[in-house]
Amino acid sequence: MSRKVTKAIFPVAGLGTRFLPATKSIPKEIMTLVDRPLIQYAIDEARAAGIKEFIFVTSRGKGALEDYFDHAHELESNLKKANKTELLDILRSTNMDSGAIAYIRQHKALGLGHAVWCARRLVGNEPFAVILTDDVIMGEPPCLQQMIEAYQETGGSMVATMEVPSEKTKAYGVLDIAEDMGAIVRARGMVEKPKENPPSNLAVIGRYILAPSVMQNLNKLKQGSGGEIQLTDAIADEIEEGRDVFGLRFRGERFDCGSKAGFLQATVAFGLARDDLKHEFGEYLEDIMSMRKAAE
Ligand code: G1P
């Protein structure tokens with residue numbers, strides 16, 4: 001089996017109710033971190049990892065997300081006429097090759113596993129990546145690239161993982177560890193959102209490289225945690241059937257942009273990482289922190 005990974009699935013069908021009213025009329029993936037929509041961070045990370053085909057699993061109300069990837073001809077020619085080359089470069093960096101994007105509709109919200117399964121015909125019999133756009137990761141090299149490099153060594157399937165406090169494990173897929181090799185762990189099992197007795201505190205973060213057999217496991221459409229079809233269960237089935245599943249403790253900082261606090265933290269971190277903003281923004285943050293301290 002080839003270890004070349006060129007296809008990535010982006011499950012983007014979620015309603016984003018945690019961000020109402022913003023998500024009343026815009027998809028949550030279009031929400032902006034500094035000046036780029038969340039989806040652009042995910043796309044850039046996928047491209048850096050060598051992904052060539054981008055499969056979006058969408059739902060009703062995601063039109064703005066599809067439009068985002070269209071070439072903005074009028075805007076491009078206006079910027080060109082005005083000689084705004086820097087803006088033109090930024091705009092062009094969002095362009096995608098013709099035929100590189102596919103949209104598949106998830107007709108019912110039956111869970112992450114079901115969303116991934118909706119893309120089965122586009123993926124075919126190849127290993128594929130899955131990126132959850134809520135998980136924004138600041139890392140160098142970008143997280144998916146780290147995973148692709150590790151996967152070249154290990155084969156099998158691989159999930160991104162990081163340690164979380166024990167009381168937070170119930171919000172994640174959690175790895176049961178057979179062998180801890182440092183950056184890479186070999187899993188003996190995986191549990192989605194364990195209510196009690198988590199097998200470890202290594203949580204699955206939203207980056208996956210999966211063997212095509214995971215799609216076959218999803219064919220069973222088995223209901224799991226919360227009555228949903230879980231991707232975690234289909235990956236756990238791999239282990240049951242004797243195939244390898246690894247976790248990679250990636251290098252980088254992960255932000256949960258599916259939560260308001262996480263989104264704000266990401267805004268601060270990505271703002272401070274920008275040369276054009278770090279000075280003014282950093283001073284402002286220092287000022288408000290010292291005002292807060294003085295008021296205490
Ligand atoms: C999903 C997965 C879970 C994973 C998490 C990472 O859960 O089902 O296994 O740990 O993403 O963000 P969700 O946060 O969509 O409920």
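Numbering of ligands and ligand atoms starts at 1, following listing order. Nothing fancy with the numbering, it's 1 onward along the sequence. All values reported here derive from a predicted model rather than from experimental measurement.
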Establish whether atom 15 (O) of ligand 1 and some protein heavy atom are separated by less than 4.0 angstrom.
no

Suppose we measure from atom 12 (O) of ligand 1 to each protein heavy atom; which comes out shortest, and what is that distance?
Asp135 OD2, 2.8 Å

Region of Leu231 that comes within reach of ligand 1 [heavy atoms, distance under 4.0 Å]:
neither

Val204 N/O to ligand 1 N/O under 3.5 Å:
yes

Could you go through Lys220 and Asp237, starting from their C-alpha distance and side-chain angles, then the distance that decides it, and tell me whether this counts as salt bridge (Lys or Arg N to Asp or Glu O under 4.0 Å)?
CA-CA 11 Å; Lys220 298 176 217 154; Asp237 285 354; 3.1 Å; yes

protein heavy-atom neighbour closest to atom 11 (O) of ligand 1 works out as Leu132 CD1, 3.4 Å

Identity of the nearest option to atom 3 (C) of ligand 1, non-hydrogen atoms only, from Gly173, Cys257, Gly111
Gly173

I'd like to know whether Phe54 forms a ring pair (Phe, Tyr, Trp, His ring centres under 6.0 Å) with Phe69, so could you lay out the CA-CA distance, the side-chain angles of the two residues, the decisive distance to 0.1 Å, and finally the verdict.
CA-CA 11 Å; Phe54 303 79; Phe69 293 110; 8.1 Å; no

For His71 and Glu76, which I'm curious about, is there any donor-acceptor pair between the side chains at under 3.5 Å?
no

Could you tell me whether a side-chain N or O of Arg18 sits under 3.5 Å from a main-chain N or O of Lys260, the two making a donor and an acceptor?
no

List every atom of ligand 1 that sits less than 4.0 Å from any heavy atom of Thr232, numbering the atoms from 1 in the order shown and giving each element.
9 (O)

So with a 6.0 Å cut-off around CD1 of Ile26, is the heavy-atom count from everything else above 12?
yes

Distance-only donor-acceptor check, side chains Glu240 and Asn217, under 3.5 Å:
no

Should Glu192 be counted as touching ligand 1, given the test is an N or O pair under 3.5 Å?
yes

Note the single closest protein heavy atom to atom 7 (O) of ligand 1, along with its residue, its atom name and the distance in Å.
Lys193 NZ, 3.3 Å

Test log, rule side-chain hydrogen bond (donor to acceptor under 3.5 Å, both in side chains), inputs Thr232 and Glu192
CA-CA 6 Å; Thr232 299; Glu192 180 67 8; 2.5 Å; yes

Is Arg254 touching ligand 1 with its side chain, its backbone, both, or neither, if touching means heavy atoms under 4.0 Å apart?
side chain

